[in-house]
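Proteins get letters first, then strands, A, B, ... in listed order; numbering begins at 1 in each. All values below were derived from every heavy atom in this structure, side-chain atoms included, with hydrogens, water molecules and symmetry-related copies excluded.
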2 protein chains.
Amino acid sequence: MRALAPRIPTDQDYPMLTQKTRYALRALLYLIEEGHGDAVQLPRIAETQKIPRKFLELIMLDLKALGIVKSVRGPKGGYRLTRHPRGISFGEVIRGLEGPIALVPCASVNFYKRCGDCHDEATCAIRRLFVLVRDRSIDVLNSVSLEDGARWELRLTDADADNSHSGDPLAADWQI
Amino acid sequence: MRALAPRIPTDQDYPMLTQKTRYALRALLYLIEEGHGDAVQLPRIAETQKIPRKFLELIMLDLKALGIVKSVRGPKGGYRLTRHPRGISFGEVIRGLEGPIALVPCASVNFYKRCGDCHDEATCAIRRLFVLVRDRSIDVLNSVSLEDGARWELRLTDADADNSHSGDPLAADWQI
DNA sequence: GTTCACACGACCGATGCGATAGGGTTCATG
DNA sequence: CATGAACCCTATCGCATCGGTCGTGTGAAC
């Protein structure tokens, strides 16, 4: 009997988090971890995060349209967050760039669409199961902020945040 | 300021559950709900579940290679499960047909691959977050069996299963 | 040995993703 | 008020995958 050869996954097999969104998240985390609230110029982000320069331009444009980032033109220009990173969840970024978070159209909150596969959507087991999966995923994505992510990467504890007067690396002026 | 036009998702935007896998699950649920343990012929499955006939052939072939289904050739032939549906989880079917369940390659259990985006995978916030999402998703997918799904669709309660001597519609000879 | 149904491989069109090209606009600085 | 660094935007390309089809091969039953 033929053994089903395991499909070797390519980069396109993980489309809830496309390359574009991964780049976006890396850029945002860089702004938080290294930007200290100042505007950061695009070439610097591109170089340090190994993101193609022109591709990053498109991404920052989208982040700006989403109201997550604002840009400053001219020399000494660059990008900065519009809000404190504590108020930006991973879910917001992903939903904005990717669209639906659900894994089947009939289980999406914001992009619902009948799939037409089942006879009765009200009892369809596939839909019911993937609504569960969607809810669990959204729970995670919405409960973690970009600030949380930055703290993970800098190996900081919450205690560092409470002691912000003693040199928290994430302490910055996020007032825009 | 330009508003980021929400991308209208197409069918290809939900690739963890492709059309192929949805068809596969529908076919399996049909075997359980209507097959009563007997072999069911492909054209009947295709017609009732609105699945293109030739496409379904490929799918059943894969399910056979995965050891979930066995085929009987010739007249009176067809497909039947190899095991009791209680022992087949949605996760098994999906993982077999789709490959990785994780949404980023560096967060996959069975198909791990460095993504190369981050400097240090050990602290990468994106990876850490999507490992959480993956674990939640796998929890759900592995904890629900095809029999559970069939009971949902038939609006049966667990009590019906306990009273199997009083005509449980899912009572059947699953010994192969 | 004919019939019926599964098995298998090659193939095709559409679409989305990653990425690039190349120009245009803005604006702080001197 | 010129300059240059930086952002803004549209168009396009190559590639891979996905959904789906065609034609033929193989094997069991009557």
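- Between the CD1 atom of B:Ile59 and the P atom of C:dC8 there is a distance of 16 Å, rounded to whole Å.
- Salt-bridge annotation for A:Arg22 and B:Asp117: present, with a side-chain N of the basic residue lying under 4.0 Å from a carboxylate O of the acidic one.
- A donor-acceptor pair under 3.5 Å is absent between the side-chain atoms of A:Arg80 and the main chain of A:Asp38, judged by distance alone.
- Summarising the geometry, the separation between CG on A:Leu58 and P on C:dA21 is reported as 13 Å, rounded to the nearest angstrom.
- Of the candidate nucleotides D:dC22, C:dG22, C:dC6, C:dG22 has the atom lying nearest to any side-chain atom of A:Lys54.
- Comment: B:Arg26 engages B:Glu153 in a salt bridge, judged by a side-chain N to carboxylate O separation of less than 4.0 angstrom.
- Across C:dC6, C:dC8, D:dT10, the shortest atom-to-atom separation from the side chain of B:Glu57 is found for C:dC8.
- Under a 4.0 Å N-O distance rule, the pair A:Glu33/A:Arg151 does not qualify as a salt bridge.
- One interatomic measurement links the two molecules: CG of B:Leu61 to P of C:dC8, which rounds to 5 Å at whole-angstrom precision.
- Remark: C1' of D:dA5 and CZ of A:Arg44 are 16 Å apart, rounded to the nearest angstrom.
- Considering only side-chain N and O atoms, A:Tyr23 lies nowhere under 4.0 angstrom from the phosphate OP1 or OP2 of C:dG18.
- B:Leu56 places its CG atom 14 Å from the C1' atom of D:dG19, with the value rounded to the nearest Å.
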Taking only nitrogen or oxygen atoms into account, show me every contact under 3.5 Å that the protein makes with nucleotides 26-30 of chain D, one pair per line with its distance.
residue : atom : partner : partner atom : Å
D:dT26  : O2   : B:Arg73 : NH2          : 2.8

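- Counting only heavy atoms from C-beta on, A:Tyr79 has its side chain closest to D:dC8 among D:dG20, D:dC8, C:dA19.
- Atom CG of B:Asp62 is separated from atom C1' of C:dA7 by 12 Å (rounded to the nearest Å).
- Ion pairing of B:Arg83 with B:Glu92 is present here, as a side-chain N (NZ or NE/NH1/NH2) and a carboxylate O approach within less than 4.0 Å.
- The side chain of A:Gln41 has D:dA6 as its nearest neighbour among D:dT21, D:dA6, C:dG18.
- Counting only heavy atoms from C-beta on, B:Ser71 has its side chain closest to C:dA7 among C:dA7, C:dA19, D:dG19.
- Residues in residues 49-75 of chain A take part in these ring pair (Phe, Tyr, Trp, His ring centres under 6.0 Å) pairs, two or more places apart or across chains: A:Tyr23-A:Phe55.
- Taking a cutoff of 4.0 Å between a charged side-chain nitrogen and a carboxylate oxygen, B:Arg86 and B:Asp148 do not qualify as a salt bridge.
- The CD-P distance, from A:Gln19 to C:dT20, rounds to 11 Å in whole Å.
- With rounding to whole Å, B:Phe55 atom CZ is found 17 Å from C:dC6 atom C1'.
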